[in-house]
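In this text, all values refer to a predicted model and were calculated from it rather than measured experimentally.
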Amino acid sequence: MNKNIQHPKDHSRFTRWVNGLDEKDKSLDPVIRKSKWILITALLFTLFGISFIWFPRENVQRHILTVPQAGPLNNAPLQSGRSAFEMPVDSFENQLKQTIHEGISEKK
């Protein structure tokens with residue numbers, strides 16, 4: 001007895017159905033099989049194209065965002081000329097920036 005052959009009880013009903021359809025498809029004439037798949041692909045592509053017409057894009061309404069007023073904690077001055085949008089960096093990068101800026105000021 002060959003262990004690679006599985007009994008129909010080992011498969012679900014859906015798997016047996018799909019395998020049966022696959023066998024029927026493989027038994028078709030190659031020209032008919034090719035034209036069938038071309039037709040199916042063209043139909044799916046057409047449905048995809050129609051979906052853009054049938055379900056148009058929604059219009060997004062833009063709302064104006066208000067900027068909150070600075071509270072008493074946010075009135076502190078910025079540290080040593082750093083931008084508020086600048087991300088914190090590690091010490092090596094800080095030393096590199098300091099070295100570069102010192103080199104620029106010495107050249108002037």
Side-chain angles (χ1 to χ4, degrees):
M1 186 173 185
N2 192 353
K3 293 185 179 183
N4 292 337
I5 299 174
Q6 295 180 348
H7 297 287
K9 294 177 186 176
D10 296 341
H11 293 295
S12 68
R13 191 180 318 169
F14 178 75
T15 305
R16 288 192 305 261
W17 179 67
V18 168
N19 288 339
L21 289 175
D22 190 37
E23 290 299 322
K24 285 181 185 179
D25 187 52
K26 288 179 181 178
S27 66
L28 287 174
D29 182 38
V31 174
I32 295 173
R33 185 176 180 200
K34 185 176 180 180
S35 62
K36 178 185 87 168
W37 284 109
I38 288 173
L39 180 67
I40 289 172
T41 306
L43 178 68
L44 289 175
F45 183 73
T46 304
L47 287 174
F48 177 70
I50 289 173
S51 71
F52 288 102
I53 297 168
W54 193 274
F55 305 110
R57 185 173 79 176
E58 288 292 322
N59 292 332
V60 179
Q61 296 177 357
R62 298 177 191 259
H63 299 285
I64 297 174
L65 299 176
T66 57
V67 179
Q69 298 296 325
L73 297 177
N74 294 336
N75 288 339
L78 294 176
Q79 299 175 352
S80 66
R82 293 171 74 191
S83 169
F85 297 107
E86 187 175 339
M87 296 294 290
V89 293
D90 60 3
S91 59
F92 173 75
E93 197 167 340
N94 281 333
Q95 289 176 0
L96 181 63
K97 283 183 180 180
Q98 183 179 5
T99 305
I100 290 172
H101 292 306
E102 287 175 358
I104 292 173
S105 61
E106 290 174 2
K107 290 178 183 177
K108 290 183 181 179

Chemist: Under 4.5 Å between side-chain heavy atoms, counting indirect links through other Ile/Leu/Val/Met/Phe/Trp/Tyr residues: same cluster for Leu21 and Val18 or not?
Modeler: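 Same cluster: Leu21 reaches Val18 through Ile, Leu, Val, Met, Phe, Trp or Tyr contacts under 4.5 Å.
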Chemist: Please tell me if the side chains of Leu43 and Leu39 come closer than 4.5 Å, counting only heavy atoms from C-beta onward.
Modeler: no
Chemist: How long is the straight-line distance from OG1 of Thr41 back to NZ of Lys36, given to the nearest 0.5 Å?
Modeler: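 Between Lys36 NZ and Thr41 OG1, I get 10.5 Å after rounding to 0.5 Å.
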Chemist: Do NZ/NE/NH1/NH2 and the carboxylate oxygens of Lys26 and Asp22 come within less than 4.0 Å?
Modeler: yes
Chemist: Any link between Ile53 and Leu47 through a network of hydrophobic side chains (Ile, Leu, Val, Met, Phe, Trp, Tyr) touching at under 4.5 Å?
Modeler: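 Unlinked, Ile53 and Leu47 end up in two clusters.
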Chemist: Once the angle between the rings of Phe48 and Phe52 is folded into 0 to 90°, is it parallel (under 30°), tilted (30 to 60°) or perpendicular (over 60°)?
Modeler: perpendicular
Chemist: Between CD1 of Ile32 and CH2 of Trp37, what distance do you get to the nearest 0.5 Å?
Modeler: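 Rounded to the nearest 0.5 Å, the CD1-CH2 separation comes out at 15.0 Å.
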Chemist: Just wondering, are more than 12 heavy atoms of other shown residues or ligands nearer than 6.0 Å to NZ in Lys34?
Modeler: no
